[in-house]
Every structure is written in C-alpha cells, then in structure tokens.
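Below, each value reflects all heavy atoms present in this structure, side chains not excepted, and no hydrogens, waters or symmetry copies. Residue numbers start from 1 in every chain, and the chains themselves are labelled A, B, ... in the order their sequence lines are given, proteins ahead of strands.
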Amino acid sequence: MTNFSTIKKSIVTAVLELFEGENVQDLIVIEDTKKDFEGDLTLVVFSLLKLSKKSPEQTAELIGNRLLEKQPYFEDFNVVKGFLNLKIKQNYWLTFFKSWLSEDDYGFVSKPTGELYMVEYSSPNTNKPLHLGHLRNIFLGDSVVSLLKAVGHQVVKTQIINDRGIHICKSMVAWQKYGNGETPISSNLKGDHLVGKYYVIFDKIYKQEIKELIDGGFSEKEAKVKAPIFLEAQKMLLLWENEDSKVRALWEKMNQWVYSGFEKTYKDLNVEFDHLYYESNTYHLGKEVVQKGVENGVFYSSEDSSIWSTFSDNNLDDKLLVRSDGTSVYMTQDIGTAVQRYKDYPNLSGIIYTVGNEQNHHFNVLFNILEKLNYSWASNCFHLSYGMVELPEGKMKSREGTVVDADELLSSVINEAKSLTSERGFLEELSQEDILDICKKIGNSGLKYFLLKVDPRRKMSFNPKETIDLSGHTGPFIQYTFVRIMSLLKKSEDLDNEFNIEDLKINSKELEVLKFISNFPDILGQSAKELSPYLLANYLYSLVKSYNSFYQDHPIITEDNYDLRNFRVQMSKLVSEIIEKGMNILGIEMPDRM
RNA sequence: ACUCCCAUAGUUCAACUGGAUAGAACAGUCGCCUCCUAAGCAACAGAUCUGGGUUCGAGUCCCGGUGGGAGUACCA
C-alpha cells in the first residue's frame, strides 16, 4: 500500500541508485519543506556533493529529474541552492487522507510490543500539601505513561510514598507540642494542609532556637544539631524505627490525614496509580540488602557502625547508607524499593523515575549502587529528570511558605474559566452541574497544558501574580477548536459523508492541514521515544493553528460543491479525533461545548 | 572550592538534534462578528549574553569570558 513513508523511501532509493559509496543512507536528510518555499518534501543535498562531484544545484537537478521520471508521486520540483524541493501530486495526498480515515486509531501502534514499563511519578512527602512543582511532575509522569501505551507498551503507574523519615517526625513533633489536638474536621482544613501547617511551625521554632543558641555563643553548625526541637524530632525517628506504639499511632493518624487530602487532589487532577509503594515498608528490605552488601564486601561498615558505599568513579564521594544510630536514609529505602519492584514484576523492561533534576546526583549514585550489587536490571533504570518550576523570586520553598499551592492554583484556574464562560454565555441553558463539569475540564486543561508544553528537561518559570492564560498557546485554545468542530459535526449529522477525490481540488490551507495530519504518527512515536510530551503538545497546537486558519477562510457545511463539502467535514472530523486522542495522552479531557 | 546544567523579542516558550529568511503566545499598535462558537482570524513592531574557532552552512559543536541555577549532608 502506498502511504506517506513510501514516498520518503522512494527518495532514498533514488539517491542510492544514483550514487555509490559507503553509508550513503546516513547522508540523506529529508525534511518537510519550509513554509516560504514551494514543495512538500525537501532533500538537503550538501552532504551528497562528495559523491556526485557536481555543484549543489546540479546534484539536486539530477535527483529531481530522476524522481520525476521514475516515480508517479511527484508533479514537480524546484532547486534552491542545495535544497531540492519536491511537490507531491494532490491526488496522492487525497489518497493518503482516505487511508487515514479508514484506520481505527490513526497514529497509534495497534500491535502490542509485549514490553512492560514501570513509571514512577508524584511520590510526595507526607508532611506537606502538593505544590506547583509536584504538578509538573505528576502531569509529566502521567502523560509519559499514556505515550508509552500509545506506542504499544504496557505500563504500571506507581509512586513511592515518602511516609517515614526525619521530615515526617518534624510535623509530628510540632503537632504534638502546639496542635492542641487539632484535626482536619475541627480546623476545617484539608488534611495535607493541616499537617503542612505544622511542618512550617516546626521550622519557625527551629530557626528561633538556632538563633538563641547562636546568641548564646554556639556556632551555627552546633546550633543546628543542638536545637531542642530538632533533638525531639531525632528522638522520635528513633522511636519510630523501634516501632514505639504511641509514635506509630500518631504517625498513622497524621499520615491518614495527608492521604485523604492527596486523594482529593489526585481526583481533581484526574490522575490515579496502579501500585503504591510505601517507604515505611521498603526501607526494611533496603536495610537487609545493605547488610548483605556489607557481608559480601560491597559496602563497608565504619567504627561508629554507620554503613557506607565507595565508588570507583572519582567524582562520587562515599555515600552513607545507614546512620550510626541504625536508622536508614533516603537512599536505603530507594535500594529496597527498586529490589521490591523487580520482585513484584520480574519482566519489567525498565523503570522510569520521574524526579526533579535536583536529584540527578542521587540517582547517579543509586544506579551505581545497584550496579555494584550486580542486579542485571540496574542498567534499565532511567531517571526522567525535569527542571524546577521557579517563581520570579526564585525557587519555591515549602518551609518558607513561598510555594504555589496545587489546590489553590487549580481552583483559581477553574474560577477563571467560570467567569469567562459566563461572560460568553454559550452554556446558559445547561444545568449548574454541567457547567461546572465543563469549567473543570477547561481549568484542568489550562493548567496541564501550561506545564506540559515546555521541554521537561528545562526549568520553567511561573509568576503567581499572573493568572494562567486561557487564550493563545494554551489548552483551552485547543479545546475551543475541538468544540467548534463538534458543533459542525452535529450540524452535519444528516449529511452523506462520501466524496470522490478524482475531481477534487483542494487549496493551500487544506493541504497544509493534511501535511500536519500526516505527521501525527511520527510525532507520537518521537514523543514516546524521548519521553517528551511537550513535542505532542506543541504539535497539537500547530495543527490547530493551521486548521483555524482554514476554518476562518472557507465554508465547511455551507460549501456548495458536494465532494468538497464532504471532504472538509471529514477532514475536520479527523482533526478533531487527533486533537481529542492527543490531548487525552496529555491527560486533558475535551468538553463538547464551551 | 569542586562537579553538573542553563543563557533566544519587554515577558513565557519553540526551532525536526548541524540546514534555507530563528517560529509562536502574552503584553503593545491596528483591522475583521446581519456569515458553521471572536477562548478565533489577519496585519505591524520586536530576539540568538560576549570573544574566538571548526565548515559549504552554527542558536545548535569546541575553547575562553560574563551572568544565573542545582548538587557535593549521619537532609529529603
């Protein structure tokens, strides 16, 4: 069957037939023709000059003529410097379009690969509510999962709940001392926010105590480890690891508050997980593995009975794995968690850890340790490292309260959508519930698209004083285009959808839309391969831009020519399907009106 | 101090991984609603931190400089 990639292959074939040499294939660069030039595909010939021993223009002419002569696809070509621009016959574009229409899930891989991946994301600490940074993490992880599924893999969505450790004890100590028995119900606060409040209180007191100690003549370093409230937290951690029943009961109570808070936020964001791991369970296994490592000589135990790992790589300092008081650190449980995961899913093709780039070093060390422990799967662990979300004044710090709260931000975007929606007045006859449902979809889309359109590897900034835009390069803009197409399709329900391509003439805007459509499968594949939802997000935007430009200038259901009208309706429909499926991969739902 | 990352219009982001005249959006100026939803379309104006190098060709690669960020914890 002829499809778009057949054409690309025919260009490669022509070049291979014309020129001899080693690895000619690698020299061939085919791109979409830039907008300002005439043509559909462009072959860059500079790299072939060594073989042709001719000028760029002559080389391009040679290939162009060959293609016109041998292949039926091309109607013309032109040469600009070393660029050979090839024009594909409209009839072929329309044939391709028909074949896209006949596919069930155009762009998606229908045959399962049989590979199973685990994607870890979110993984919050249970001592404070989620903030904007977590949102970037959650949306990224969630859409990477969908991308992997789109190309035929199976995926387990997971998170590690960081439910133990000194940071949790801090909130617990502060609540015990200053909480007066306050609960989410008594305070009318969401559980995660209530616990977060005590985390901030701890820090405040801690800082105050440090200051007092310094004034009393201690050095800052001494003050930090001598502050009474800090000592209390340390003591509590020890009691916790020794399974002191009172401490455990308090811990369970407060964690429960946090979980129910998170649950609500996840529900609002429309994300869920398949398998949760709790640090409080996996750290045991981590300790065991570390202990075994000491026995096997992989790690060493120091005089004060703390346990360390050394590395052959000079850039890596020795890493502590168990403290001298026997309590474990973050790394300990991460080792245990990884081992546990491969016990649970022995067939994993890989684990993708969605974690901020501030932990690049941590994962470098972790993967090194797993290698040292000789786990065959160690090399399949991958850190999907993303950049921080920064505020105008710099990094967000929970302890200092300079964070953009996830719940607040989401509700403010939804409110923005509400006021805009009521201003426009298209939904007036709907029930309050239906309107709210639509506004939630719009608000979610504004927030998710805002975070997902940026290359995850790069840091990004957000100014909380400005609301998240709902027009321009945004999720709601894309939803809006979808809604307009839905409205068209509704009105054309009774129309016959057939069209004959023999006599059909399409204009440049329609051709441009078809070209965007033709790129969808590649974009999906590339986004999945590079774990980069932003490529898909930006593609969808370009597709929609192009479609809108067509929509503005040409009648669709009111077009008189039968074939042309039906072609336009069908093209609109395919565009809407790509938008919907693509946005769903980004975790964004479509309203059918707005 | 050492290691790593980053620097593109006033602002927030792109640039098919070395290809043509660096694209968008927001903000600014301006035009389009008796016409399929104006959350739209169209137009104007505006940018590669700096100095060298590599080559047919550099925002992209290499070296130096400046400016920012992160990491190097018995923190997470």
Determine the contact category for [X]: base if any of its heavy atoms lies under 4.0 Å from a base atom, sugar-phosphate if only primed atoms, P, OP1 or OP2 are that close, otherwise nothing.
| X | answer |
| --- | --- |
| A:K35 | nothing |
| A:R457 | nothing |
| A:M460 | sugar-phosphate |
| A:S461 | sugar-phosphate |
| A:S324 | base |
| A:E559 | nothing |
| A:T481 | nothing |
| A:D455 | sugar-phosphate |
| A:F46 | base |
| A:I166 | sugar-phosphate |
| A:V44 | base |
| A:E466 | nothing |
| A:V329 | sugar-phosphate |
| A:F37 | base |

For [X] and [N], give me the distance from atom [atom1] to atom [atom2], rounded to whole Å.
| X | N | atom1 | atom2 | result |
| --- | --- | --- | --- | --- |
| A:R164 | B:C75 | CZ | P | 11 Å |
| A:I160 | B:A76 | CD1 | P | 14 Å |
| A:N357 | B:C4 | CG | P | 15 Å |
| A:I556 | B:C35 | CD1 | C1' | 13 Å |
| A:L470 | B:A25 | CG | P | 16 Å |
| A:M331 | B:G71 | CE | C1' | 13 Å |
| A:H361 | B:C2 | NE2 | P | 17 Å |
| A:K34 | B:A15 | NZ | P | 12 Å |

Rounded distance in Å between the [atom1] positions of [N] and [M]:
| N | M | atom1 | result |
| --- | --- | --- | --- |
| B:G59 | B:G23 | C1' | 13 Å |
| B:U17 | B:U60 | P | 16 Å |
| B:U55 | B:C62 | P | 16 Å |
| B:C6 | B:C49 | P | 14 Å |
| B:G31 | B:A43 | P | 16 Å |
| B:G67 | B:U50 | C1' | 11 Å |
| B:A45 | B:C30 | P | 15 Å |
| B:A20 | B:G53 | C1' | 24 Å |

- Message: Assuming nearest nucleotide by heavy-atom distance, tell me which of A:A417 and A:K170 is located more 5' along RNA chain B.
- Response: A:A417
- Item | Position toward the 5' end of RNA chain B (nearest nucleotide), A:Y551 or A:Q526 | A:Q526
- Message: Between the base of B:A20 and the side chain of A:N85, is there a donor and acceptor pair under 3.5 angstrom?
- Response: yes
- Message: What I want to check is whether an N or O donor and acceptor connect the side chain of A:T42 with the base of B:A20 at under 3.5 Å.
- Response: yes
Respond yes when some side-chain nitrogen or oxygen of [X] is under 4.0 Å from OP1 or OP2 of [N], and no when none is.
| X | N | value |
| --- | --- | --- |
| A:K453 | B:C13 | no |
| A:K545 | B:G23 | no |
| A:T558 | B:C36 | no |
| A:Y480 | B:C41 | no |
| A:N548 | B:C41 | yes |
| A:R323 | B:C75 | yes |
| A:R458 | B:G69 | no |
| A:K395 | B:G68 | no |

- Query: Would A:F499 and A:Y562 count as a close aromatic pair, with their ring centres under 6.0 Å?
  - Reply: no
Tell me which nucleotide among [options] gets nearest to the side chain of [X].
| X | options | answer |
| --- | --- | --- |
| A:Y534 | B:A25, B:A76, B:A14 | B:A14 |
| A:D36 | B:G19, B:G40, B:U21 | B:U21 |
| A:Q359 | B:A15, B:A20, B:A76 | B:A76 |

Does [N] pair with anything, Watson-Crick or G-U wobble, both distances under 3.5 Å, and if so, with which nucleotide?
| N | value |
| --- | --- |
| B:A58 | none |
| B:U3 | B:A70 |
| B:G64 | B:U50 |
| B:C16 | none |
| B:C32 | B:G40 |
| B:A76 | none |

- Task: Spell out, as yes or no, whether a donor-acceptor pair under 3.5 Å connects the side chain of A:S549 to the backbone of A:Y547.
- Result: no
- Are there more than 12 heavy atoms of other residues, nucleotides or ligands under 6.0 Å from atom NZ of A:K529? no
- Message: Less than 6.0 angstrom from the centroid, inside 45 degrees of the normal: does A:R484 satisfy that with respect to the ring of A:Y551?
- Response: yes
- Task: Assess A:R164 against A:Y283: is NZ or CZ under 6.0 Å from the centre of the six-membered ring, and within 45 degrees of the ring's axis?
- Result: yes
- Quick one: does A:V12's side chain get under 4.5 Å of A:I30's, heavy atoms only? yes
- Item | Anti/syn call for B:U17, syn if |chi| within 90° | syn
- Assigned chi class of B:C62 under the 90° convention is anti
- ring pair (Phe, Tyr, Trp, His ring centres under 6.0 Å) between A:H362 and A:Y330: does it pass, once the steps are laid out? CA-CA 10 Å; A:H362 172 82; A:Y330 197 51; 5.0 Å; yes
- Message: Under the side chain to side chain contact (heavy atoms under 4.5 Å, CB included) test against A:I438, which residue among A:I435, A:L436, A:I442 passes?
- Response: A:I442
- Task: Applying ring-ring contact (aromatic ring centres under 6.0 Å, His included) between A:Y541 and each of A:Y534, A:F477, A:Y449, report the one that passes.
- Result: A:F477
- Item | Aromatic plane relationship, A:F520 with A:Y539 - under 30° parallel, 30 to 60° tilted, over 60° perpendicular | parallel
